[in-house]
Amino acid sequence: MSNKEMVESGNQKIEWARSHMPVIAAVREQFEKEKPLDGHRIAMALHVEAKTAVLVETLAAGGAEVAIAGCNPLSTQDDVALALDTRNCIDCHASYDCSTEDYYEAIDKVLDFGPDITIDDGADLIFKMHTERPEMLATILGGCEETTTGIHRLKSMEREGALNMPVIAVNDAMTKFLFDNRYGTGQSSWDGIMRTTNLLIAGKNVVIGGYGWCGKGAALRAKGLGANVIVTEIDPIRALEARMDGNEVMPMKEAAKIGDIFLTTTGNRDILSGEHFEVIKDGAILANSGHFNVEINLEDLKKMAGSVRTARKNIKEYDLGDRKVYVLAEGRLVNLAAGDGHPAEVMDMSFANQALCVRYIAENTLVNGVHSVPRELDISVAEMKLKSMGISLDKLSPEQTLYMDSWSCGT
Ligand code: NAI
């Protein structure tokens, strides 16, 4: 494709996403009128694809200058990156399948741009500033973090007294994790697995590593596709929840012997490692939807394999002698590295939260540390989403309010 065709294709994808994101459209309308981000410079490290482009445009519409890098070497869509780069006030430094050096060089470039607000998905910008460019922290008003793993990283920095800027934990907004992590990851992981393998899910033993918000969604959708779902967990409450939701629960060592398709969603490392590959079934398909590519231990798999070859685009076959095992998208998040990521309607809410939190940072002085998304912003996103869906709610009557607030109305 020529550059011109790439830009056209990127613009088509962005337009399609934009037309399915009514909440962020409403935020953009406010931003265009009020220009709350005038004079601000925003550095972003996010998956550079169409929905993210809609967020970038919204921030620019609010008056900001924006520079964006990727947050994963395999999740950038080059046509979208090129299309974004043609816009005023937006610099895009991301490309698909870049080397580790190019990945971190791009992170440096968006920091060179001199931001006063950051948006991360995985905390790479914040981590880089704290470890290599601490002088930048003096002019940073605050940052937003998109994902569970990024928030884990930031909370551990905070616990150790090492977090020297305010960050809003956007992932922890109810209108983010309840929908994006559950229904977004639930649907898009299976989309990535199905379009990559072109295989049937019905009748298979599907093993979901972790029954958090992403795992619950992934298990629910696997069941809907006709799979027999097995969950592995370390948390007794989540394991119990998985069982009562109708899944089997067992240790990975047991599940490895019977699973046909494995999907890890824990945010932890070595969910599938050497001890599991020792017993794993011939033909097993391994995919990950957790943020980093550490959930499937590919080093262990490489050591055990006689040979590795590409079996099909985005599928590596590891030949273990008596068995073959297939890894999708190099163990990187399969919904983005082998698909288009979450549905636009879900990112509509996640990115409306991001845009409103960036505005909040621009208009308020926050102390260093991890902050929750202000409750009123979270509720406003839910209200805007319901309105866009044509759904209205009941309202409490004065008698109901009184009843709910009272401790004396027992009969
Ligand atoms: P969560 O904290 O709600 O759930 C993680 C679950 O994994 C917990 O129930 C935990 O007990 C379990 N777990 C941890 N170690 C385990 C082990 N060794 N074996 C079995 N279970 C284990 O986190 P959430 O929100 O579900 O996110 C999970 C990961 O997915 C994170 O890395 C997050 O950043 C990422 N994520 C990816 C998205 C995508 O587009 N692919 C979207 C949203 C989040």
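Numbers here simply count residues along the sequence, with the first being 1. Just so we're clear, the structure is a prediction, and the values are computed from it rather than from any experiment. Start at 1 and go down the list; that is how both ligands and their atoms are numbered.
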Residue, atom name and distance, where the atom is the protein heavy atom closest to [atom]:
atom: atom 32 (O) of ligand 1; result: Thr149 OG1, 2.5 Å
atom: atom 27 (O) of ligand 1; result: Thr148 OG1, 3.4 Å
atom: atom 4 (O) of ligand 1; result: Gly212 CA, 3.1 Å
atom: atom 42 (C) of ligand 1; result: Thr185 OG1, 3.3 Å
atom: atom 1 (P) of ligand 1; result: Arg238 NH1, 3.6 Å
atom: atom 7 (O) of ligand 1; result: Thr266 CA, 3.5 Å
atom: atom 34 (O) of ligand 1; result: Thr147 OG1, 2.6 Å
atom: atom 28 (C) of ligand 1; result: Thr265 O, 3.3 Å

| query | Does ligand 1 have any atom sitting under 4.0 Å from a heavy atom of His342? | reply | yes
| Contact between Gly209 and ligand 1, counting heavy atoms under 4.0 Å? | no
Is there a donor-acceptor pair closer than 3.5 Å between any side-chain N or O of [X] and the backbone N or O of [Y]?
X: Arg312; Y: Thr196; result: yes
X: Asn205; Y: Gly259; result: no
X: Arg133; Y: Asp108; result: yes
X: Asp235; Y: Arg238; result: yes
X: Asn247; Y: Val231; result: no

Any N/O pair [X]/ligand 1 closer than 3.5 Å:
X: Asp235; answer: no
X: Glu233; answer: yes
X: His291; answer: yes
X: Asn171; answer: no
X: Trp213; answer: yes

Please state which part of [X] comes within less than 4.0 Å of ligand 1, counting heavy atoms only: side chain, backbone, both or neither.
X: Met252; value: neither
X: Asn268; value: side chain
X: Ile271; value: side chain

| Are Glu158 and Lys155 close enough, and set up right, to give a salt bridge (charged side-chain N to carboxylate O under 4.0 Å, His left out), and what steps lead you there? | CA-CA 5 Å; Glu158 187 180 37; Lys155 286 196 171 155; over 6 Å; no
| said: For Ser273 and Asn297: C-alpha separation, side-chain torsions, deciding distance, then whether side-chain hydrogen bond (donor to acceptor under 3.5 Å, both in side chains) applies. | reply: CA-CA 5 Å; Ser273 61; Asn297 190 324; 5.6 Å; no
| message | As an exercise, identify every atom of ligand 1 less than 4.0 angstrom from a heavy atom of Thr232. | response | 20 (C), 21 (N)
| request: For Asn181, take its heavy atoms, then give the atoms of ligand 1 lying under 4.0 Å from any of them. | output: 25 (O), 43 (C), 44 (C)
| message | Going by the closest heavy atom to atom 30 (O) of ligand 1, which one wins out of Ser350, Gly267, Gly290? | response | Gly290
| Of the choices Gly150, Gly215, Cys214, which has the non-hydrogen atom that lies closest to atom 26 (O) of ligand 1? | Cys214
Test: [X] and [Y] ion pair at under 4.0 Å:
X: Glu15; Y: Lys13; answer: no
X: Arg359; Y: Glu34; answer: yes
X: Asp91; Y: Lys109; answer: no

| request: May I have the step-by-step check of salt bridge (charged side-chain N to carboxylate O under 4.0 Å, His left out) for Arg269 and Glu295, ending in yes or no? | output: CA-CA 4 Å; Arg269 58 179 295 173; Glu295 306 215 9; over 6 Å; no
| request: Over all heavy atoms of both residues, which pair between Pro251 and Thr232 is shortest? Give the atoms and the distance, please. | output: C-CG2, 4.2 Å
| request: Could you point out which residue of Ile285, Asp319, Ile280, Ile296 forms a side chain to side chain contact (heavy atoms under 4.5 Å, CB included) with Val325? | output: Ile280
